[in-house]
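All heavy atoms count here, side chains included; hydrogens, waters and symmetry mates do not. Values in this document were obtained by computation on a predicted structure and should not be read as measured data. Atoms within each ligand, like the ligands themselves, are counted from 1 in listed order.
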Amino acid sequence: MNSSTKPDNLALDPSDKGQRFRDTVSTISAEGRRNWLYPRKPKGWYYSARSVVSWVLIGFLFAGPFLKINGQPIILLNILDRKFVLFGTVFWTQDFHILAIGMLALIIFIVLFTAIYGRLFCGWVCPQTIFMEMLFRKIEYVIEGDAPDQKRLNRSPFTASKALKKGAKLGIFFAISFLIANMFLAYIIGAEALWEIVTDDPREHLTGLSAITLFSFVFFGVFTRFREQVCIVACPYGRLQSVLVDNSSIAVTYDFARGEDRALLNARQKEKRDDGSVFFTNNDKADTARKYGDCIDCYQCVKVCPTGIDIRDGIQLECINCTACMDACDEIMVKTDRPTGLVRYASFNSVKEGTKTRLVTPRIAGYMALFTIVFGLFVYFLGTRPDAEAVILREPGRTWNELTGGAYSNFYNVKIFNKTLNDKPVEVRLLHPNGEIQPLGVPDNLPAHDLVEGRFMVFLHGSELQPGRTPIEFGLFSDGRLIHSVSSVFIGPQNP
Ligand code: SF4
Ligand code: SF4
């Protein structure tokens, strides 16, 4: 308990007065090499709670592509076909403005959430943390043991037992990476398309198989070698922390008011009070006998940290709010008969002023107002988008045909999107000017949540034409009701 050895990556230069963390990254050595971290296996209430949450989320992530609402997957981000599905609602390219407003609302929500709760998302919900800390790391603990055993194993000569352990670990890591790659692809192309790739003749799905192989190796590299570097150097959300959080944000925080001055138990025992009690703070400012804080400088909070930092230095970019240091310190507090929560969820201001954390500050109120407006817009556009929409374009490479009786014709291509859950009868009519439409394979029935394509000809009499280009308007009707109108042009001669 009172082992106060500093982890290797924190072997500070005595002259830095504890400020080295401001200019350096804990995972990079003075020579610029990677400091490989060996975080101790955490245990405690928060770790157990995070384990439960992570299993639920991992289950949801893998089941996601197969779960359907209204016959559509819960989430599909098909960039290739430009089809996006969120909770069973299909968004086509024509709905891009709604998606963009939805994305903006999401970004504002993330900013708002982060300003209040710091990187709570990173510790509890982020797939990188969940897979790394709750799956890959746990497997590593099972195969190679806790941090000291792993360190010993890595420094030991290559033996059959070492080869077996490393081989088993890497084999399992690759198998899980392969599964994650499949799941990842299913969110892009859909579970059915993935199933075809897996079950069909491989020669017919070389692109899909190459993508799975590539993703598998990327995930394998991330969880085997890159690890915490994703959070420290690669993740844009992590990099934005310094502008998103302030002194009122709730984060994993060391209570310096209670913890300082830190001192080893040995030192305290040498200097007992007159009544024989060991010096600890009871946070009573009137306690003139107070000499030390509750931190016994045991470094347990640092040894469990998966990003290798010392939370007692204050909030840092590397901290993913994983709560491992909270559990570690709580265990020490229980053993030393002090109240738990020396490292806890709190804001800097609440620790400094000894008050409760204030959730709503003027900045938070501003973000809330902005979020309400943008989210309201999103709901409005989503609620008022037409049931079906058409894209009508003149056929490329064609001009006009002159017909007998002074009439002219143009060819058009049409794509019609049904955004509802039901099949829909549809008909394209000419709204303006007067003329006729002759369908050339335009389907009159639209399957639910689907897209159909066709062609048609438009005939206009010369008396309706303007020189060169004549504005023209089509209406998309369903059951006799106009549901969408589309503007285009009709090309004719300069002197019709
Ligand atoms: S904060 Fe807690 S775990 Fe960390 S060194 Fe102090 S007593 Fe130990
Ligand atoms: S400082 Fe604590 S909460 Fe932050 S990453 Fe390290 S162990 Fe997790």
Could you tell me, atom by atom, which parts of ligand 2 come under 4.0 Å of a heavy atom of [X]?
X	result
Thr323	3 (S), 8 (Fe)
Thr307	5 (S)
Ile309	1 (S)

Closest protein heavy atom to [atom], given as residue, atom name and distance to 0.1 Å:
atom	value
atom 6 (Fe) of ligand 2	Cys305 SG, 2.3 Å
atom 5 (S) of ligand 2	Ile320 N, 3.4 Å
atom 4 (Fe) of ligand 2	Cys319 SG, 2.3 Å

Can you list the ligand 1 atoms lying under 4.0 Å from a non-hydrogen atom of Met333?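 Contacts of ligand 1 toward Met333, numbered from 1: 7 (S).
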Could you go through the salt bridge (Lys or Arg N to Asp or Glu O under 4.0 Å) check for Glu260 and Arg312 one step at a time? CA-CA 10 Å; Glu260 299 299 317; Arg312 295 172 301 167; 5.8 Å; no
Any side-chain donor near an acceptor of the partner, Tyr38 and Glu144, under 3.5 Å: no
Would you tell me whether Arg363 and Tyr367 have side-chain atoms, one donor and one acceptor, within less than 3.5 Å of each other? yes
Below 4.0 Å, non-hydrogen atoms only: which portion of Asn321 touches ligand 2? Side chain, backbone, both or neither.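 Near ligand 2, Asn321 shows its backbone, while the atoms from C-beta on stay back.
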Taken to the nearest 0.5 Å, the spacing of Arg385 CZ from Tyr380 OH works out to 14.5 Å
Are side-chain heavy atoms of Met132 and Pro306 found at a separation under 4.5 Å?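 They are not in side-chain contact.
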What I'd like to find out is whether the side chain of Lys166 reaches to under 4.5 Å of the side chain of Leu153, using heavy atoms alone. yes
Could you pull out the N/O/S protein atoms under 2.8 Å of atom 4 (Fe) of ligand 1, ignoring any water?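 You should have found Cys301 SG.
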So, 2.8 Å as the limit: is an N/O/S atom of Cys322 located closer than that to atom 4 (Fe) of ligand 2? no
Using a cut-off of 6.0 Å, state whether more than 12 heavy atoms not belonging to Lys415 lie near its atom NZ.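 It does not: Lys415 NZ has 12 such atoms or fewer within range.
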Phe174 atom CZ: more than 12 heavy-atom contacts under 6.0 Å: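 Check passes, neighbour count above 12.
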Can you say whether the rings of Phe131 and Phe223 are parallel (under 30°), tilted (30 to 60°) or perpendicular (over 60°)? perpendicular
Is there a ring-ring contact (aromatic ring centres under 6.0 Å, His included) between Phe256 and Phe348 once you walk through the steps? CA-CA 9 Å; Phe256 50 86; Phe348 174 83; 5.5 Å; yes
